[in-house]
Protein chains: 2
Amino acid sequence: MSVTLKDIAAIVGVSESTVSRVLNGIPRASEKTSKRILEVARSLKYTPNEVARSLAKQQTHIIGLIISDIYNPYFAAVTGGIEEIAGLYGFNLIIATTGGQEEEELKYITILKEKRVDGMIFMSGRMPEICEKTLIETLIPTVVVARQVKEEILPSIHIDNVSESYQAVEYLIKLGHRKIAMISGDLGDIESGYNRWLGYKKALADYNLPYRAELLEQGDFRMNSGKIAMGKLLQQNTVPTAVFAASDAMGVGAIKAAKEAGLRIPDDISIMGFDNNLISRACDPELTTIGQPVKDLGKNAMEILNKVIKGEKLEKRTYYLPCELIIRESTRLLI
Amino acid sequence: MSVTLKDIAAIVGVSESTVSRVLNGIPRASEKTSKRILEVARSLKYTPNEVARSLAKQQTHIIGLIISDIYNPYFAAVTGGIEEIAGLYGFNLIIATTGGQEEEELKYITILKEKRVDGMIFMSGRMPEICEKTLIETLIPTVVVARQVKEEILPSIHIDNVSESYQAVEYLIKLGHRKIAMISGDLGDIESGYNRWLGYKKALADYNLPYRAELLEQGDFRMNSGKIAMGKLLQQNTVPTAVFAASDAMGVGAIKAAKEAGLRIPDDISIMGFDNNLISRACDPELTTIGQPVKDLGKNAMEILNKVIKGEKLEKRTYYLPCELIIRESTRLLI
DNA sequence: ATAATTAAGTCAAGCGCTTGCCTCAAGCCG
DNA sequence: CGGCTTGAGGCAAGCGCTTGACTTAATTAT
């Protein structure tokens, strides 16, 4: 097929090992031989075979990324962060998307193991126990992004959904709002669904505001569910003066519903989102939101993974990155 | 390290080749031996080493994807489509992001070649000649997405930006608009910048409308540039009744600027976008746009690549996928 | 002058799997 | 009953690279 070490060795008249060493910059040959080898390698357009090297060295320089969905801007952004740092350390990324389905996750864990990836980053689905177990059993360095892990074996990185959600609600409270509704995500989803709801409840409690079940509507994080949820909220006896949506998409949906109901935002009602993705700046009014450090989530995950791969000790198992309150046009002071 | 064919062979008391054959489903062993081998393999939790297999078989089942930017929803969507079909054919995806920079592109082409990927999909930057040449020289099956290729060697897949843009402008014309402005992308970018502008000019010409230079503003495809461009358009003597933006993001920017100027959309001015991404449904009014078949672009690219890899003949070198006119709220009939 | 060190290489055994070719015994046919 | 086919499996070369151990000649130290 293509040109190999052997070919070069034959032409230069040295052994394969010498060629290998020279090409890898291991000082072991004379100036003259080195130069010659380099010359010949260049003129033959030698391209090292990473597969063979991987086999010999037992490392592939590949990181496997298990993700539920690359269309989702959140995952795309985290992936971008991962890739950036991975490049720095000479790793390439294999991505595997699972649609959040357990069997796909399991399948890909196996495939990545077969491909002998040097490490894995998992941010798919809800981290079923079986996945966590399988991940651990592979013995491949793995870090988990934004998924609660049961065992404290795999390092993980998150945002603190409880306190960030708390921060959002607290902001609304400080603006003078008392009747604050929430459009939550799926409460079965511990990480972002349940925990954001928890933060909401906690903030209300801390500020002595009653928690009213009728002020909670559940959505699925997507725009349309936000619109529907808002519709329901507006048809109740207790109409809120502010609504906190657990995602920007639902926040935008809420804005749409409110406008359709003839409300002005933020004059008649304040609306907040969570995420700070593109959508939150496209809508009108632009959405006040909690900015997730998506790119940094990826970068840090990869930094951590790199440490694990290199065998460095980690200070902790669970890392948290802070979010940022981003105040835009959809919320206002209630006088 | 981990358990190998050899280990299994030793335990069962047969040769490695027999184990290999059984594990690969090549009928060559007796029922009894087969069963035994499978049993032992399972109990030892044998995981085949794809790296070794790749070396032996000279194929990696990996596709390299060279992309400028994964944050961009367009690329993310195409990637999703690619991955879906890749999975079907048993390929995994290595992604390499280049920021559209030539040297990065070249670097990754080399890396992917070293990794001996079975195929590559290129959709980064503006396809400089040197990249095309390098790509061709690798002899690795490659398909190009949405980039004009000089030589008709590499198969490529596109949307027809000229006629799709024509379609958009034609729609505005048929709504009765005569003064139609365009917010273009970078005209140096042949594929989506220049060609969309060409389609605009062509439509005007075909309907005997004058082309006026002052009705063209150049942006960079991003929201803010659309906003600025719209600002400029509104300050001229000839105020357009409709604006065609070469991207949804710029379209949304245009909407914002128009609103700020006190215009109602579509009552006072119609605005169109191009792409149909999430943003176009988040803004208010929702944007009429040209829907790119992003996912299908990816799927088809991978289908084509698979054919090339399998050595099948292609009917053509250049493929086009149709877009779809998506009528929403930002355009109206001019009476 | 001799022993010890070093520079410059070579050898060959891996890494784990695939595969064309060979063997050997049993079954089959005429 | 001898030759032929066939089923079941083994052999070993090969994929392309790495690396510890070994060799040899030159250089240095004593």
Partner residues of [X] under the salt bridge (charged side-chain N to carboxylate O under 4.0 Å, His left out) criterion, sequence neighbours left out:
| X | value |
| --- | --- |
| A/Lys57 | none |
| A/Arg53 | A/Glu50 |
| A/Arg126 | A/Asp186 |

Atom [atom1] of [X] and atom [atom2] of [N]: how far apart are they, to the nearest Å?
| X | N | atom1 | atom2 | value |
| --- | --- | --- | --- | --- |
| B/Ile37 | D/dG10 | CD1 | C1' | 12 Å |
| A/Leu5 | C/dT10 | CG | P | 13 Å |
| A/Glu50 | D/dT18 | CD | C1' | 12 Å |
| B/Gln59 | C/dT18 | CD | P | 11 Å |
| B/Glu114 | D/dG16 | CD | P | 15 Å |

Any side-chain heavy atom of A/Tyr319 within less than 4.5 Å of one from A/Leu314?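 A side-chain contact exists here, since the closest heavy-atom pair is under 4.5 Å.
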
Please examine the side chains of B/Thr318 and B/Pro155, heavy atoms only from C-beta on, and report whether any two atoms are closer than 4.5 Å. no

Contacts of A/Thr134 that satisfy side chain to side chain contact (heavy atoms under 4.5 Å, CB included) - sequence neighbours left out: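 Expected list: A/Leu106, A/Ile109, A/Ile130.
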
Compute the bend angle of the helix from C/dA1-D/dT30 to C/dG30-D/dC1 from the end axes (five pairs per end), rounded to 10°. 40°

Strictly by ring-ring contact (aromatic ring centres under 6.0 Å, His included), give each pair with a member in residues 127-160 of chain B just once, sequence neighbours left out.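 Listed once each, the pairs are B/His158-B/Tyr320.
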
Who pairs with A/Ser124 by side-chain hydrogen bond (donor to acceptor under 3.5 Å, both in side chains), at least two apart in sequence or on another chain?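 A/Ser124 satisfies side-chain hydrogen bond (donor to acceptor under 3.5 Å, both in side chains) with A/Thr98, A/Glu105 only.
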
Using a 3.5 Å cut-off and no angle test, enumerate the donor-acceptor pairs between side-chain atoms of residues 25-33 of chain B and protein atoms at least two apart in sequence or in another chain.
residue, atom, partner, partner atom, Å
B/Ser30, OG, B/Thr33, N, 3.3
B/Ser30, OG, B/Thr33, OG1, 2.4

Expected list for residues 77-93 of chain B: side-chain donor-acceptor pairs under 3.5 angstrom, two or more places apart:
residue, atom, partner, partner atom, Å
B/Thr79, OG1, B/Phe75, O, 2.7
B/Glu83, OE1, A/Thr97, OG1, 2.4
B/Glu83, OE2, A/Thr97, N, 3.1
B/Glu84, OE1, B/Lys295, NZ, 3.2
B/Tyr89, OH, B/Glu303, OE1, 2.7

Which protein N or O atoms sit under 3.5 Å from an N or O of nucleotides 13-15 of chain C?
residue, atom, partner, partner atom, Å
C/dC15, O2, A/Ala56, N, 3.4

For DNA chain D, what residues of residues 12-34 of chain B have any heavy atom nearer than 4.0 Å?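 Under 4.0 Å from DNA chain D: B/Gly13, B/Val14, B/Ser15, B/Ser17, B/Thr18, B/Arg21, B/Arg28, B/Ala29, B/Ser30, B/Thr33.
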
Pairs touching residues 34-47 of chain B that satisfy salt bridge (charged side-chain N to carboxylate O under 4.0 Å, His left out), sequence neighbours left out: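 Sorted result for residues 34-47 of chain B: B/Arg36-B/Glu39.
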
